[in-house]
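Note that ligands are numbered from 1 as they come in the structure, with each ligand's atoms numbered from 1 the same way. We number each residue from 1, following the sequence as shown.
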Amino acid sequence: MSDDTSKRGAAPPSLEGAAWLHRPETARVFAALGGKGGETRAVGGAVRDALLGLPVADVDFATTIVPDKVMARARKAGLKAIPTGLVHGTVTVVADGTSFEVTTLRRDVETFGRHATVAFTEDWAEDARRRDFTLNALYAGADGAVFDPLGGYQDLISGRVRFIGDAAMRIREDYLRILRFFRFNAFYGKGRFDADGLKACARERAGLRLLSAERVASELKRLLVAPRAAEAMSVSFDHGLLCDILGGVPRLARFDRLIGIELALGCDPNAVLRLAALAVFVPGDAKRIARRFKLSNAEQALLALGGEPFDHVLPDEAAAKRKLYALGPERYASRVLLAWADSAAPATDPAWHRAATLAERWEVPDFPLRGPDIMALGDFSGPQIGEMLRRVEQHWIDGGFTQDRDELLALAEAMAKSSA
Ligand code: ATP
Ligand code: MG
């Protein structure tokens, strides 16, 4: 290997065999925006993930064509074109029902948060330099040839998330990059986090409060479910950032335990449940965090499980069934996972495992009686009917859901007689 090559690092392989490049909708965008008078390449996540052999969902494009002409050429090719962010050079092109963001190559003249004053350019390297990390400044042409102006491929395969240019300066342009640094490390990082980047994140942390709730929430949710989320949280805590991000102190040990349990169970992570484990001590925390990140009511309800003072004792099968019946499968599973994380049991504990997976073995039964069944037994008021149903249901629950409809009807009849 010559000196020159070792400095540049590994050359990226071609992506010509990548399935997403050949999807008809992707090919239509390339065809509409290729040929004479301009060049268009896929950029960012699609190229990065394809180079790692990961599945590619969203494809973003970068182009030398100015936004007005992107609109015109897309429409001429029979594609829909929406002027999503013309001042920043972004047009959404829709091909066969799939949306693609197409952004004209640009240099950020002045940046504050997401509001950048931009100048369009035809220089690919200049466009690369305004992006956040080297591994996000990778481009691929329609033929699969990869363009890597900043050595992003070498960083990608080494698991190095490196800011492009001076880290502190790049963060001051957009403080969301602090969270993105942790998210990309949590997904693609190997070994230690880049020391310069980390130092700059710590030094610039005061800027986090300038970010909108929505932007922080969306990055944080993605960070929470990343493969190395536990390490990213711990590093961000050690560098004085996590309390500022959450607006409170974290429960790192509980967060680690939840992740370990999810891994042992092989279940998909849920960002809000992980946030509940990480940041909720008492019910008030759930409210504060839901407000801080503008979460939905359903998300707030899930968060609140993290602060419920429930016993952390392993439920026996009968108690577990009652809980599952009361909470429904999703809330039940979340609650058991948190209780397990709070217990001292290991992630491989078979009894907790059985409790957590009860819904897979036991279908929550429907209570067999309805209002009309009680009405047929006599002349009762609405509240009386409700009360009788509730008592019969409680009896059925306490009996382990074993009585059938006839038995329950007989019970209701006896109740009706005694109250008549
Ligand atoms: P994913 O879609 O998996 O989050 P992505 O890299 O495609 O990954 P996007 O948010 O879709 O991320 O952004 C597309 C590209 O735009 C990024 O790869 C990066 O080059 C650039 N980019 C996005 N956000 C920023 C930012 N805050 N600062 C600088 N560049 C950014
Ligand atoms: Mg993307």
With a 4.0 Å cut-off on heavy atoms, is [X] touching ligand 1?
{"X": "Arg48", "answer": "yes"}
{"X": "Arg222", "answer": "yes"}
{"X": "Arg183", "answer": "yes"}
{"X": "Asp60", "answer": "yes"}

Q: Around atom 28 (N) of ligand 1, find the nearest protein heavy atom and jot down its residue, atom name and distance.
A: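 Ranked first by proximity to atom 28 (N) of ligand 1 is Arg177 NE, 2.8 Å.
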
Q: Around atom 16 (O) of ligand 1, find the nearest protein heavy atom and jot down its residue, atom name and distance.
A: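 Among all protein heavy atoms, the one nearest atom 16 (O) of ligand 1 is Arg131 NH1, 3.3 Å.
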
(Q) Does Glu214 have more than 12 heavy atoms from other residues, nucleotides or ligands lying within 6.0 Å of its CD? (A) yes

Q) Can we call the ring centroids of Tyr325 and Trp362 under 6.0 Å apart? A)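 So the answer is no for these two rings.
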
Contact check, side chains of [X] and [Y], non-hydrogen atoms, under 4.5 Å:
{"X": "Thr63", "Y": "Arg41", "answer": "no"}
{"X": "Val43", "Y": "Arg48", "answer": "no"}
{"X": "His88", "Y": "Thr103", "answer": "no"}

Q: Quick one: sort the Phe182 and Phe193 rings into parallel, tilted or perpendicular, breaks at 30° and 60°.
A: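 Judged by the thresholds at 30° and 60°, the geometry between Phe182 and Phe193 is tilted.
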
Q: Just say parallel, tilted or perpendicular for the rings of Phe367 and Trp396, cut-offs at 30° and 60°.
A: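 The rings of Phe367 and Trp396 sit tilted, inter-plane angle from 30° to 60°.
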
Q.
Is the contact between Asp174 and ligand 1 made by the side chain, the backbone, both, or neither, using heavy atoms and a 4.0 Å cut-off?
A. side chain

**Q.** Region of Arg180 engaging ligand 1 - heavy atom pairs below 4.0 Å
**A.** side chain

Q: Return yes or no for this condition: an N or O of Gly44 is under 3.5 Å from an N or O of ligand 1.
A: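 By distance alone, the answer is no.
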
Q.
Out of all atoms in ligand 1, which are within 4.0 Å of some heavy atom of Asn136? Include the element for each.
A.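 It comes down to these atoms of ligand 1: 6 (O), 18 (O), 19 (C), 20 (O).
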
Q.
Please name the atom of Asp60, limited to N, O or S, that comes nearest to the Mg ion (ligand 2).
A. OD2

